[in-house]
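To start, the structure itself, in C-alpha cells.
Sequence positions, counted from 1, serve as the residue numbers for this chain.
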Amino acid sequence: MGFSKLDDDEEEPTEPTEEPTKEPTKDEGPLSIDQAVDKIWNGLNIKIVLVFISAVGSAYLTAAEIYITIFTGIIPYTDWTCISEKCFGLLIAATPSNNSQTFYSHSTMCGNKLQAGLDFKWTSERTSFSMDWGFYCDTETKLTVVSSFFFIGAFVGLLSSTAIFDRTGRRNGAIGGSVIAAAATVAATWIPSYEGLLVVRVFQGFGQFINFTGVYCWVIEFAPSHLRSSMSSILLICWSFGYLVIVLIGYLIPVWNYIFLATGILNFLFITPLLIYPKSPRFSLVRGKEEEARETLAALGRICNNKVEFAAGSLTFKARKQNYFQQLKDFKKYPTLRKETLLCMGCWFIVACLFYGFSFGWSKISTDLYGSYLFAALGKVIAFTILIPICTWLGRKKTMLFFLVCGILSNFLAMPDVQLSENWTLEHVSCLLGSIAITAVFGQLYLFTSEIAPTSHRGMVMSLSSSAARVGSFLGTYINLLYDMTDRRVPLGVIAGATVLCGVAVCFLSDTTGRRIAETPEDVEVMSGNKKYQPVQIEAE
C-alpha cells in the first residue's frame, strides 16, 4: 500500500522465479501525512508556484487594507495658503528667505492654532477624509484612531476564528473573511462620517486577518518539511506587495473615496482562485476524512508532476472528534502546549507593536510619504527573502534571535543627530534597517508558531497569537505620537527595550528546526520530552 507510480511497461516473468525477501520500505507501509507530502513533492515547478501564488491572492490586499488610511487620510501640512489677516500677518512677520520653505508647515499651522476655512485653505490636489472632516493638529489623533480600529476588528475576528479554522477548515474560513473585508472596503466609498469609517475599519480588520491567517495555515499544511521555510517566506513576500498595491493606487487615484473602491474590487477579484482549491489534507485527516485527504494528495501529486495512487488505509493518522471547549481544555491538560502558546502570544504582541510602530511612523521619520512606503515595501521583501538562507543556515530559533539583536542595534544607531542628505538622516536609514530586522522576526514568528502548534489546534493557536499581535498592533500605531510629545530618542529606547523582552521570551521556546509537525497535543508533549505521555512512533529518516 502507499504511493505507487503507474508503470505500464512492466513485463510478466516468463518463468516462475522465486522472489527474494525484501525489507519493508516507506512506500510499502502506512505513511504519516509528513511522509506522504514529502513523497509527492519532488521539487518546485512553475505549476506549483503559480497555484500557491494565486491561492494567496487575497493576502496581497492585507497590507493594502491596513495602510489604506495613510493614503486616504493624508494631512498635507505643507499644502495650504493664507486667507485671513491673522495668517497674512504671520506670513509678513516671517523671515523673507524662509517664507517658501518653513512658513507653510506643521509648526506654523498648529503652533498658531490656525483654523481651516477661517485662517487658511488647503491647496493639495489630492483629497483626503482628514481634510474633509477637519483632522489636523490637535485632532490629528483621530486619524490614528481610524487606523488603529482596524486592529480592534482583527482582534475580534481572530478570537472568533479560533473556533472557525479547526471546524470548517482553513480555506473556508479564509474565503469568508475575505468576502467580509472586501465588502467593507467597497462600502467605505460612500461613508459620510468619521463614526461610519470607524465601523468600516472594524469590519476590514475582522475579515482580512481571518483571511490571512487561514491562508497561511493552508499553505504551511501543504508544504513539505524541507520547503516550509521557503513557502512561508514566499507567502509573506506576496503580503509585502500589498504595500506596492496601495502606494500605486494612492498615487494614481487622487480622490480618497475611489481609493477604497479600487482596493475593495481587487479584493473580490483575488478571492476567486481560493474558491477552486481543496481543503488542507492535514485538516481532513484530523477530522477523520481519509478519502478527502487522499483525493487532495493525488491532486497535489498531479500538480507536482508526480502522479500517484493513494490506497485506502495507507495513511496513519489520529482522528479527533474535537470541539471548541475540548480544545480549550487541552491547554490545561497539556503543559507544553500551554506554555509555548503563551510564550508565542507574548512574542507576537511585542513584535507586532514594534512592526506597526515602524509602519505607521514613516510620515514622522521622512517627508516623502510615497518614497518612504516604497522603501518600506522593498525592505520587507528583502527581509522575507533573506529569511530563507539564514533560516537554513542557523535554524528557526537562532534566526529569530539574530534578527532581534540586529533590531536592538539599529535603534541605538538611530539616536545620534546626523543629516545624510536633504531628505535622509541617519535615523531614517537606521529605522529602515530596524524595520527589516523586525519584519524578518515577524515572518519567522509566523513559521515558528505554525510548526509549534499541532494540526488539531493550529487554527486556534495561530488565531490566539495573532489576536495578541492585534493588541500590540493597536498600541503600535500610537508610538509615532511620541515624536510630537517628547525627545525622538524616547520612542527609539522604548522599541529597543521591548525587543530585548521579546528575545528573552524566544529563549524559552523549543526549536522546531528539522522537526516534523505535531498532529495532536500528545505529539507536542512527546516531542518536548515529557515522559508522562506515551511516545508516538516518529518515522525514521
Side-chain angles (χ1 to χ4, degrees), residues 53-74 126-133 143 145-158 160-161 171-216 238-276 359-360 370 373 377 470 473 477:
I53 288 179
S54 62
V56 303
S58 54
Y60 292 105
L61 274 302
T62 302
E65 292 197 6
I66 291 173
Y67 303 114
I68 194 170
T69 51
I70 297 295
F71 299 92
T72 56
I74 185 173
R126 315 187 70 83
T127 68
S128 77
F129 62 76
S130 292
M131 288 188 284
D132 290 351
W133 300 337
L143 174 57
V145 171
V146 169
S147 298
S148 64
F149 259 55
F150 181 95
F151 301 111
I152 293 178
F155 177 78
V156 176
L158 288 164
S160 303
S161 65
R171 188 204 64 170
N172 292 345
I175 292 171
S178 192
V179 169
I180 293 171
T185 305
V186 170
T189 307
W190 299 280
I191 289 297
S193 66
Y194 167 66
E195 292 77 15
L197 189 55
L198 291 179
V199 175
V200 165
R201 292 294 284 168
V202 169
F203 278 100
Q204 278 186 310
F206 181 92
Q208 199 60 43
F209 265 94
I210 289 178
N211 167 262
F212 183 75
T213 306
V215 167
Y216 188 89
C238 292
W239 177 89
S240 300
F241 278 103
Y243 276 82
L244 302 180
V245 171
I246 194 58
V247 168
L248 182 62
I249 293 175
Y251 184 78
L252 294 177
I253 302 177
V255 181
W256 71 267
N257 311 74
Y258 297 148
I259 294 175
F260 275 105
L261 181 62
T263 305
I265 290 173
L266 282 178
N267 206 341
F268 274 118
L269 292 176
F270 286 172
I271 300 171
T272 308
L274 202 58
L275 296 172
I276 64 175
S359 297
F360 281 94
Y370 296 96
Y373 277 90
R470 293 326 117 204
S473 303
T477 60

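The shortest distance between side-chain heavy atoms of L197 and W133 falls below 4.5 Å. Counting heavy atoms from C-beta on, the side chains of N267 and Q208 come closer than 4.5 Å. Side chains of F151 and I66 form a contact here, defined as non-hydrogen atoms less than 4.5 Å apart. Residues F129 and I191 form no side-chain contact, since every pair of their non-hydrogen atoms from C-beta on lies 4.5 Å or further apart. In this structure the side chain of F260 never reaches within 4.5 angstrom of the side chain of T263, judged on heavy atoms. Two residues are said to be in side-chain contact when any heavy atoms from C-beta on lie closer than 4.5 Å; F150 and L198 fail this criterion. The shortest side-chain heavy-atom distance between I259 and V255 does not fall under the 4.5 Å cut-off.
In terms of heavy atoms, T272 sits closest to L269 at OG1-O, 3.0 Å. In terms of heavy atoms, A181 sits closest to G207 at CB-C, 3.9 Å. Summarising the geometry of G73 relative to S130, their closest heavy-atom pair is O-OG, 2.6 Å, with the distance given to 0.1 Å. The nearest pair of heavy atoms linking L274 to A174 is CD2-CB, 3.8 Å. Taking every heavy atom of both residues into account, T69 and S147 meet most closely at OG1-OG, 2.8 Å. Here the shortest heavy-atom pairing between N257 and T189 reads ND2-O, 3.1 Å.
In summary, the side chains of T127 and D132 do not present any donor paired with an acceptor at a separation below 3.5 Å, with no hydrogens or angles considered. Side-chain contact of T185 with E65: a donor-acceptor pair under 3.5 Å is present, judged by distance alone.
Judged by distance alone, the side chain of T213 and the main-chain N or O of I210 form no donor-acceptor pair under 3.5 Å. Using a distance-only test at 3.5 Å, with no hydrogens or angles considered, a donor-acceptor pair links the side chain of S148 to the main chain of V145. The backbone N or O of W256 lies less than 3.5 Å from no partner atom in the side chain of T72, so there is not a single donor-acceptor pair. For R201 (side chain) and F149 (main-chain N/O), no donor-acceptor pair under 3.5 Å exists by modelled atom type.
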- Message: If you apply the rule side-chain contact (heavy atoms from CB on, under 4.5 Å), what do you find for L275 with I175, and how did you get there?
- Response: CA-CA 7 Å; L275 296 172; I175 292 171; 3.7 Å; yes

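Separation of atoms CG (L143) and CD1 (I70) is listed at 6.0 Å; rounding is to 0.5 Å. One finds the OH atom of Y258 at 8.0 Å from the CG atom of L261 (value rounded to the nearest 0.5 Å). Atom CD1 of I74 sits about 8.0 Å away from atom CZ of F71, to the nearest 0.5 Å. Here CZ of F270 is found 10.5 Å from SG of C238. Values are rounded to the nearest 0.5 Å. Interatomic distance, I249 CD1 to L266 CG, rounded to the nearest 0.5 Å: 5.0 Å.
Partners of Y194 according to the ring-ring contact (aromatic ring centres under 6.0 Å, His included) rule, which considers only residues two or more places apart in sequence or in another chain, are F135. Scored by the ring-ring contact (aromatic ring centres under 6.0 Å, His included) test, F206 finds no partners at all (sequence neighbours excluded).
Between Y216 and F212, the ring planes are tilted. Angles from 30° to 60° get that label.
Heavy-atom contacts from other residues, nucleotides or ligands closer than 6.0 Å to CZ of F268 number more than 12.
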